[in-house]
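Hydrogens, waters and symmetry mates play no part in the numbers below; they use all other heavy atoms, side chains included.
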Amino acid sequence: MDWKWAEPLREGMTPMPFVDISEVELPAGVAARVPTEDDMGRVFPKAAHSLKTWGRTPGVLVDDPHWIGVRGTTPLHFDPRYPRYTHHLLLIVDPNFVLRGYGKEEVALKQGTYFCMDGHSPHQLYAKKRGALWYLAVSIDSHEPRSKDETLERLIEYAAGAPFFAPDLAVADA
């Protein structure tokens, strides 16, 4: 749900929604499976901005690893229909992308960035330069921040073994 920069935060929202941010080295089994530019183009066949999640267990929103990808940027928004916290391990990210909250404090991103974020507070995937294109992560959503070690283990396991072109994902023909 989009949020206006001039709109004051609601009770319970925070201007800096990032609870935990760190860098991890992707294991070889994950690094070898990072999708290609062509794979990303099949997931996002149109040139417009787009955000997609896929690979979830049908009907399960909590503690279920899945893919999340963005082509382009996102507006300042919050996600009230999902569990409050989202945990991401980045596999592909344009070097010109940063994440920021309502306070506009920027969080630099690169492959291997892990973070836990309060998705019920305004946040944005922002491009510092024109042309920034891809963001791909494996993600788990939860009602409370999860243990970093346990969450990373599950995200890495998912990234190493889950099909990228999952049945619930409509992709353009190759």
Side-chain angles (χ1 to χ4, degrees), residues 1-3 17-18 21 26 30-101 107-143 146 151-152 154-174:
M1 190 173 233
D2 288 357
W3 193 263
F18 304 98
I21 303 165
L26 296 182
V30 172
R33 294 192 75 228
V34 170
T36 66
E37 180 94 13
D38 287 344
D39 293 337
M40 294 299 289
R42 287 184 61 207
V43 173
F44 297 94
K46 298 193 168 101
H49 300 282
S50 183
L51 183 148
K52 292 182 181 183
T53 63
W54 68 98
R56 290 181 185 272
T57 302
V60 179
L61 289 178
V62 179
D63 293 331
D64 187 44
H66 59 278
W67 301 99
I68 182 168
V70 181
R71 179 183 186 127
T73 60
T74 67
L76 183 68
H77 68 285
F78 71 118
D79 303 309
R81 288 186 239 142
Y82 290 92
R84 182 167 202 128
Y85 295 93
T86 188
H87 307 75
H88 291 210
L89 176 61
L90 277 81
L91 304 177
I92 298 172
V93 64
D94 190 290
N96 293 305
F97 277 142
V98 294
L99 285 172
R100 60 186 192 172
V107 174
L109 302 173
K110 68 178 192 176
Q111 186 181 59
T113 297
Y114 164 82
F115 67 84
C116 171
M117 180 185 73
D118 172 2
H120 290 189
S121 291
H123 54 279
Q124 176 185 40
L125 179 62
Y126 177 73
K128 294 178 71 84
K129 292 184 181 177
R130 279 187 160 233
L133 194 56
W134 300 121
Y135 175 104
L136 177 69
V138 286
S139 175
I140 295 176
D141 300 329
S142 62
H143 295 298
R146 294 174 47 91
T151 303
L152 273 170
R154 289 192 61 208
L155 291 171
I156 288 168
E157 180 181 326
Y158 187 84
F164 184 66
F165 297 112
D168 61 332
L169 176 65
V171 297
D173 292 331

_Test your reading of the model: is there a side-chain donor-acceptor pair from R33 to the backbone of A162, 3.5 Å cut-off?_
yes
*Any side-chain heavy atom of V43 within less than 4.5 Å of one from F165?*
yes
*Does the H66 side chain pair with the main chain of G55, one donor and one acceptor, at a distance under 3.5 Å?*
no
*Just wondering, do R56 and L61 contact through their side chains at under 4.5 Å, heavy atoms?*
yes
*Does H88 reach the main-chain N or O of T86 with its side chain, forming a donor-acceptor pair under 3.5 Å?*
no
_Testing the basics here: between P17 and S121, what is the closest heavy-atom pair and its distance to 0.1 Å?_
CB-CB, 3.8 Å
*Nearest heavy-atom pair of L26 and G112: which atoms, and what distance?*
CD2-CA, 4.3 Å
*Can a donor-acceptor pair be found between the side chains of W3 and Q124 at a distance below 3.5 Å?*
no
*Please report the closest heavy-atom contact between A132 and F97, naming both atoms and the distance.*
CB-CE2, 3.6 Å
*asked:* Under a 3.5 Å distance rule, please check whether S50 uses its side chain to pair with a backbone N or O of R71 as donor and acceptor.
replied: no
*Min side-chain heavy-atom separation T53-S139 under 4.5 Å*: no
*Any side-chain heavy atom of T151 within less than 4.5 Å of one from Y85?*
no
*Under 3.5 Å, side chain of W67 to main-chain N/O of P163, donor-acceptor pair present?*
yes
*Can you check whether F78 and H120 have ring centres sitting under 6.0 Å from each other?*
no
*Could you pull out the closest heavy-atom pair between L89 and I156, with the gap in Å?*
CD2-CG1, 3.7 Å
*Side-chain contact test, heavy atoms from C-beta onward, threshold under 4.5 Å: evaluate it for Q111 versus V34 and give yes or no.*
yes
*Would the number of heavy atoms belonging to other residues, nucleotides or ligands and lying under 6.0 Å from NZ of K110 be above 12?*
no
*Would a 4.5 Å heavy-atom cut-off, applied to side chains only, mark F115 and V107 as touching?*
no
*Taking atom OH of Y82 as the centre, report whether more than 12 heavy atoms of other residues, nucleotides or ligands fall under 6.0 Å from it.*
no
*Check whether any side-chain heavy atom of T113 sits under 4.5 Å from a side-chain heavy atom of V93, and report yes or no.*
no
*asked:* Within the 4.5 Å heavy-atom criterion, are R146 and D63 side-chain neighbours or not?
replied: yes
_Smallest separation among heavy atoms of F164 and M40, with atom names_ = CZ-SD, 3.9 Å
_Closest heavy-atom pair and its distance - D94, G131_ = OD2-O, 4.2 Å
